[in-house]
Amino acid sequence: MGNVLEFQHISKYFPGVKALHDICFKAYSGEVLAFLGENGAGKSTLLKVLNGDYQPEEGNYLLNGEEKHFRTPHEAIEAGISVIYQERQILLELSVAENIYLGRMPTKRAGIIDIRKANAMAQRIIDDFGLQIKPTTKVKDLSIAYQQMVEIMKAYSRDNLKVICFDEPTASLSDSEIESLFAIIKKLKSEDKIILYVSHRMNEIQQITDKAAIFKDGCYVDTVATGKVPESMMIKMMVGRDLGDIYANLDRDKDIGDVLLDVQGVSSDFVKENSFQLHAGEILGFSGLVGAGRTELMRAIIGADKLRTGRILLGGKELVNKSPKDAMRNGIVLVPEDRKLQGILANLSVSGNINISLLDQNANRFGILSTKKEAAAAAQGIRDFHIKTPDAEKKIVELSGGNQQKCIVARWLATNPKVLILDEPTKGIDVGAKAEFYQMICTFAKRGLGVILISSELPEVIGLSDRIIVMKSLRIVDEVSRGEATEDRLLSLGMIGEKAE
């Protein structure tokens, strides 16, 4: 008989937030169970309750009929439950083998660590997983994907592993790396583990999971079979409404004006020479595989990386952007891909994050900040971008990913830019919040902004863009109009630089 994990009436509350309310359902071994729901629906909070990071106010959970209460993640691990979070939980200066067996390294009779045995044990797991790494390699020298594999191997190496949970595991992985991860998940499934899988990517949910537990506003809705229940029905259960064709419903009517941004032969140490134009009121998509140079080109434009060649003209006037601050003052802003490392200021409030770009405007001639101006700017950002927060002073890290992203966009829109560059703006954001973001992007363009959209999601870049530029090997290889764009064509251009037949 396989393992069974049962949540019984779990409730968890934070000040002003009902994170979980009366959660009841079961997960079974030999199945991959997705956790589906909008940001803030309670998925990650439930994992943290299971893992011992949070203590529930009410309820409990059973593992094979035995009631469990974990006060720490270590207690959960000892009981056979491991959670693989987006943020790595490994020591970069240690080797692969040392990370896998951290705290339980094999020893010789004198109590001396037997590193040779540890390497041999790690090598057997590496071989089982079919990975091309060595047990002696320092983890800091591995790719993000392989660092994640080390965490999974660490959990797998424990003889008592019964439950393994993945929280947005593919957020930083390429397509080939995702395939390797899925192969490992299938191996874990074949070995009768309980697998919980949190993701916003519906194509992944359909591909790798057997069932989906759906959450809304901190409540459990239902568990459905992913292969049998239509995706549209699952989305409706998540958001409480039918989104229909998410792109066809957008208010896109707008006038595309004259050339606003003219990029001529721009290159840096990280991208080859590229030229393109962006019109006022236009959404210009950038497509290409990971490493194609899309982000690097934008970093050169805003002065984050030094220009080697080229000119940048805005409204016919040549700009010299030696830093992102120069670019902001000149009317060009970038919302970065990595929200946690390059976007939010984790120690600041919602107000602090919105106002960080307005320090000059909010200060008097003596450099003293006006709290009245800051409060007004924060209130406007919260109102205009529908940021869900109890108040402007709440720490931004306590908001959902979608609301954090809204704060970042509100920050840069407060500077009244002419060009808005969005690098993977909906990464890690649920489908309901995506629909809201898509309409916001269209509204920006209707106001006359030039919008550059970098996205690895082909339906997103096709559904939003007026034109699409495709990059490969650090260079622009083609331009496709909205009416001519198909996923096959963009993928073919991004992979081989040629149009699909």
Side-chain angles (χ1 to χ4, degrees), residues 175 247 250 252-268 270-302 305 307-316 318-319 332 334-335 337 417-426 438 441-442 444-446 448-501:
D175 289 344
Y247 302 107
L250 295 174
R252 297 183 50 86
D253 294 336
K254 59 183 184 293
D255 295 323
I256 295 178
D258 296 331
V259 172
L260 178 63
L261 179 69
D262 190 2
V263 175
Q264 301 177 356
V266 162
S267 72
S268 72
F270 308 102
V271 68
K272 297 174 183 176
E273 288 189 21
N274 289 282
S275 302
F276 68 90
Q277 293 181 332
L278 169 70
H279 295 253
E282 180 182 36
I283 302 174
L284 178 62
F286 270 75
S287 181
L289 302 180
V290 173
R294 298 167 300 171
T295 298
E296 290 77 7
L297 178 55
M298 300 307 150
R299 285 177 57 87
I301 289 170
I302 66 166
D305 295 329
L307 283 188
R308 292 185 62 186
T309 63
R311 303 169 69 218
I312 301 165
L313 288 83
L314 184 65
E318 185 167 358
L319 306 180
I332 305 175
L334 167 68
V335 176
E337 174 184 6
K418 296 181 177 65
V419 174
L420 175 64
I421 304 171
L422 301 168
D423 193 352
E424 303 285 3
T426 63
Y438 294 160
I441 292 169
C442 292
F444 299 151
K446 284 182 71 172
L449 270 71
V451 179
I452 293 175
L453 171 67
I454 300 173
S455 178
S456 297
E457 294 191 31
L458 294 177
E460 182 171 277
V461 78
I462 292 171
L464 288 171
S465 305
D466 299 296
R467 285 184 298 134
I468 301 166
I469 287 174
V470 184
M471 293 190 70
K472 177 183 178 293
S473 303
L474 312 183
R475 192 184 297 279
I476 291 172
V477 293
D478 207 346
E479 177 185 308
V480 183
S481 68
R482 174 182 174 83
E484 296 176 341
T486 65
E487 291 190 35
D488 286 349
R489 184 172 185 182
L490 296 185
L491 189 59
S492 179
L493 286 168
M495 293 180 68
I496 59 177
E498 297 175 1
K499 298 174 186 178
E501 296 297 332

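When all heavy atoms of Leu493 and Lys472 are compared, the pair lying nearest together is O-CD, 3.9 Å. The two residues Ser268 and Ala300 come nearest to each other via the heavy atoms CB-CB, 4.1 Å. Scanning all heavy atoms of the two residues, the minimum distance from Val461 to Ser455 falls at CB-CB, 4.3 Å. Counting all heavy atoms, side chain and backbone alike, Thr309 lies closest to Gly265 at OG1-O, 2.9 Å. Residues Leu490 and Ile462 come closest through the heavy atom pair CD1-CG1, 3.6 Å. For Pro425 against Ile454, the heavy-atom pair with the smallest separation is CD-O, 3.7 Å.
Side-chain contact check for Arg475 versus Asn274: some heavy-atom pair is nearer than 4.5 Å. Side-chain contact between Ile283 and Asp466: present, with at least one pair of heavy atoms (C-beta onward) separated by less than 4.5 Å. You'll find the side chain of Val419 stays beyond 4.5 Å of the side chain of Ile301, heavy atoms only. Using a 4.5 Å heavy-atom cutoff, the side chains of Leu314 and Leu260 are in contact. Looking at heavy atoms from C-beta onward, Leu458 lies in side-chain contact with Ser287 at the 4.5 angstrom threshold. By the 4.5 Å heavy-atom criterion applied to side chains, Leu464 and Val451 are not counted as neighbours. With contacts defined as side-chain heavy-atom distances shorter than 4.5 Å, the pair Ile312/Leu307 qualifies. Taking 4.5 Å as the limit, some side-chain heavy atom of Thr426 sits within range of a side-chain heavy atom of Tyr438.
Although no hydrogens or angles enter the test, the distance criterion places no donor-acceptor pair under 3.5 Å between the side chain of Arg294 and the main chain of Asp423. A donor-acceptor contact shorter than 3.5 Å is absent between the side chain of Asp262 and the backbone of Leu313. Not one N or O on the side chain of Glu273 forms a donor-acceptor pair closer than 3.5 Å with the backbone of Gly310.
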- Task: Carefully, step by step, assess Leu284 and Leu261 under the rule side-chain contact (heavy atoms from CB on, under 4.5 Å).
- Result: CA-CA 11 Å; Leu284 178 62; Leu261 179 69; over 6 Å; no

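Taking CD1 from Ile421 and CD1 from Ile452, the interatomic distance works out to 4.5 Å, rounded to the nearest 0.5 Å. The CD1 atom of Ile332 sits 11.0 Å away from atom CG of Leu420, with the distance rounded to the nearest 0.5 Å. Atom-to-atom distance recorded for Phe286:CZ and Leu453:CG is 10.5 Å, nearest 0.5 angstrom. To the nearest 0.5 angstrom, Ile441 atom CD1 is 6.5 Å from Glu460 atom CD. Rounding to the nearest 0.5 Å gives a distance of 13.0 Å between CD1 of Ile302 and CG of Leu319.
Checking Gln277, Glu479, His279 one by one against Arg467, the side chain to side chain donor-acceptor pair (under 3.5 Å) holds for a single residue, Glu479.
Heavy atoms from other residues, nucleotides or ligands lying under 6.0 Å from CZ of Arg308 number 12 at most.
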